[in-house]
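Please read the structure below before turning to the comments.
Here is the naming used below: chain letters follow the sequence lines, and residue numbers restart at 1 for every chain.
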Amino acid sequence: MPVIKVNNLSKIFGKKTKEAQKLLDEGLKKEEILEKTGCTVGVNRASFEVEEGEVFVIMGLSGSGKSTLVRLLNRLIEPTEGDVEIDNENLAKMNKDDLRKVRREKMSMVFQKFALFPFKTVLENTEFGLEVQGINKEERSKKAKEALELVGLGSFIEQYPSQLSGGMQQRVGLARALANDPEVLLMDEAFSALDPLIRKDMQDELLDLQEKMQKTIIFITHDLDEALRIGDRIALMKDGSIVQIGSPEEILINPANDYVEKFVEDVDRSKVLTAENIMKRPETVDIDKHGPRVALERIREQGLSSIYVVDRSRNLKGYVTADDVSDAKKQEKKDLKEILRTDMPTVEKDTSIQEIFDIIHDASVPVAVVEDGKLRGIIVRGAVIAALANGNEVNGDDA
Amino acid sequence: MMLNLFHLTVLSFISSLKEETLPVAEFVNKSVKWITEKFSWFFDPIKNDFGDKLEDFADMLAEIPPSIVIVLVVLIAFFITGKKFGLATFSLVGLLFIYNQQLWEELMLTFTLVLVASLISVIVGIPVGILMSKSNLAENIIKPILDFMQTMPAFVYLIPAVAFFGIGMVPGVFASFIFATPPVVRFTNLGIRQVSKELVEASDAFGTTGSQKLFKVELPMAKTTIMAGVNQTVMLSLSMVVIASMIGAPGLGREVLSALQRANAGTGFVAGLGIVILAIIIDRITQNLNKESA
Ligand SMILES: Nc1ncnc2c1ncn2[C@@H]1O[C@H](COP(=O)(O)OP(=O)(O)OP(=O)(O)O)[C@@H](O)[C@H]1O
Ligand SMILES: [Mg+2]
């Protein structure tokens, strides 16, 4: 069930908003409208839904309207037109008291420059949302401490923000947002002010937290790598409009238009594509059913030099080579167990191509892709190289 | 030819302007008179009761043994500067000097005036500053009034002050209020408007009401700036209290004034020094009040 429904949402900054919207609907460009009416298009008729527990990323270049859009979601900016529904209540038409209630109980925001209160300690900062709700000292301090534990700052509660590093400050920002236990987290370029290494840590941490909490997260970024890492779905914005919404793979593999394609072009695909994207269906033999004879037949049929061996429930047992199999057949051995080798390279479905590239270099057999011990696919060297060279020619075969 | 004619017209117009003066001064006189008469029900109680209270308070201060006052001030100076001896030593020597010069009672009177006048300024000024920061309309209206209050020579306020409140301490407080309030208003307005947009957004995003935002975010953030305004207001009201001696406000200022009238450079210097000492002590203490909270 969608938690947030955005319908036809527009924000135009300036005086003649009606006129500007009309011209916009007639297809005029953002610059033309600025010239003609003096109005700036912030967001132009955005519509989308965000499911419960989803990480929904809004991405676009500077000035494309991301911050405006996210601020329309909690009405820090008044919409010019359109609706924002949260749990089927229309936020855009709500009175002040109801709006305040939604902000207190359902949505919290994390800011790019942290926006911590410098005169409050870490604990007091984290308590802020609860304090505003009038929750008593004891309870709010308990909840705030829990939130701080969650982000790994349990022992810094008496410090002031200025005493912490950027990464730690943003953890406080995150804890402050989480302390309210909101349904929806709004994060406007929350990690953009951090240096790259810390940024990656924070992304990982957010993903870890998300596994535990299952919040609905709306995450703004101008960085495609970040979007691809953390987004379940990504919305791409240009000049205030949403030009494509889709899963990271969809965006990468089928860019909706030139703009998206350009955006996508300079992403290092090797960071994005994983074993799952390039593996293919494996040829196998069943260790309980088949002997050397069947194995040899299959090897010959497919022109292989080895074949993977599994059991009845596809648990990976090992592999046998063509040479061993033909020897075994000559010696009239019945069981594959005697010639089974187990030194095959294995990876998980979500291992990145870069890592696979390093592994496959030294391997004499294809890399096995396993999930809970079961063989899901194999990766041959050619597929990795093709994917690194050009993402469009990935082999999308399923296991 | 045309130009010449034009020139002549302008000249004759300008010289004709002088023939009849706009009755601004007259208008102000009438207004002051009118206000004095119509609002005497308001001014008179203030003049009498408030004036008595002020004098009682000053008397009370003067009755506290000077040794106790001096020890107290020195202790405050010591602790508020972070346990340094500089200001404490200065206060000790300065206050002993004033005592030695037989000016203790005058010091207490001046202090009472400054204390009361700046308290009133701050109590009125901060809320006005808050109003100004919240409404552009209010800012546009109040700003020119503040400019007027600050640039009009301070002596000018003495005249209506006397009309309304007679002579003595009360008109002194009144004149000082007008002269010294602008900084605290301005700095409060500035301090609140300077609070970063992200912090205001953060406050709104967590669902604060207007007053929660003001008290939990804006005022604490603006505190340093507001305190700088308070410090200026206190200093201005001290300088005004000296001017107010011309309308009978007692204290160190009156000593300076009577020294002037008798052309006695020596006593004038001593009383002036007393004011300087008081100013420095008050200034440093209020400044450190600010630092401590920052
Ligand atoms: N308060 C405002 N008044 C007028 N125009 C505004 C205002 N806020 C934003 N805009 C304009 O709206 C457009 C979208 O701005 P927005 O801040 O949403 O972009 P953004 O995608 O968040 O960019 P960035 O990556 O730089 O943060 C820009 O053209 C901007 O100039
Ligand atoms: Mg932005």
### Message
Tell me if a side-chain donor or acceptor on A/R104 pairs with a main-chain N or O of B/G207 at a distance below 3.5 Å.
### Response
yes
### Message
If I measure from the heavy atoms of chain B, does A/R176 come under 4.5 Å with its side chain, its backbone, both, or neither?
### Response
both
### Query
Looking at A/R75, A/M109, A/R71, which has the largest count of heavy-atom pairs under 4.5 Å with chain B?
A/R71
### Message
Using heavy-atom distances under 4.5 Å, tell me whether A/Q112 contacts chain B through its side chain, its backbone, both, or neither.
### Response
both
### Query
Is it true that atom NZ of B/K143 has more than 12 heavy atoms of other residues, nucleotides or ligands lying nearer than 6.0 Å?
no
### Task
Supply the atom-to-atom distance B/T208 OG1 to A/R100 CZ, rounded to the nearest 0.5 angstrom.
8.0 Å
### Message
Whether the side chain of B/E198 engages the backbone of A/K113 through a donor-acceptor N/O pair (distance < 3.5 Å, no angle test) should be reported.
### Response
yes
### Query
Would you say B/P220 and A/F117 make side-chain contact, with heavy atoms under 4.5 Å?
no
### Message
On a heavy-atom basis, which atom in B/F206 and which in A/N180 lie closest, and how many Å separate them?
### Response
CD2-ND2, 3.7 Å
### Message
More than 12 heavy atoms of other residues, nucleotides or ligands under 6.0 Å from CD of A/E138: yes or no?
### Response
no
### Message
Using a 6.0 Å cut-off, check whether atom CZ of B/F85 has over 12 heavy atoms from anything other than its own residue.
### Response
no
### Query
Using non-hydrogen atoms only, which part of B/S196 is less than 4.5 Å away from chain A: side chain, backbone, both, or neither?
neither
### Which portion of A/K120 sits near chain B, non-hydrogen atoms under 4.5 angstrom
side chain
### Message
When you compare the side chain of B/K216 with that of A/F128, does any pair of heavy atoms fall below 4.5 Å?
### Response
yes
### Message
For A/E52, I'd like to know if atom CD has over 12 heavy atoms of other residues, nucleotides or ligands within 6.0 Å.
### Response
no
### Task
Flag yes if more than 12 heavy atoms outside B/K84 fall under 6.0 Å of its NZ atom; otherwise flag no.
no
### Task
Look at atom NZ of A/K101 and say whether more than 12 heavy atoms of other residues, nucleotides or ligands are closer to it than 6.0 Å.
no
### Task
Against chain B, label A/L99 side chain, backbone, both or neither, depending on which of its atoms sit under 4.5 Å from a heavy atom there.
neither
### Contacting moiety of B/V200, where chain A heavy atoms sit under 4.5 Å
neither
### Message
Are the side chains of B/L199 and A/P118 in contact, using a 4.5 Å heavy-atom criterion?
### Response
yes
### Summary
Whatever's closer than 4.5 Å to a heavy atom in chain B on A/D97 counts as neither
### Message
Once rounded to the nearest 0.5 Å, what's the spacing between atom CD of B/E201 and atom CG of A/D188?
### Response
8.0 Å
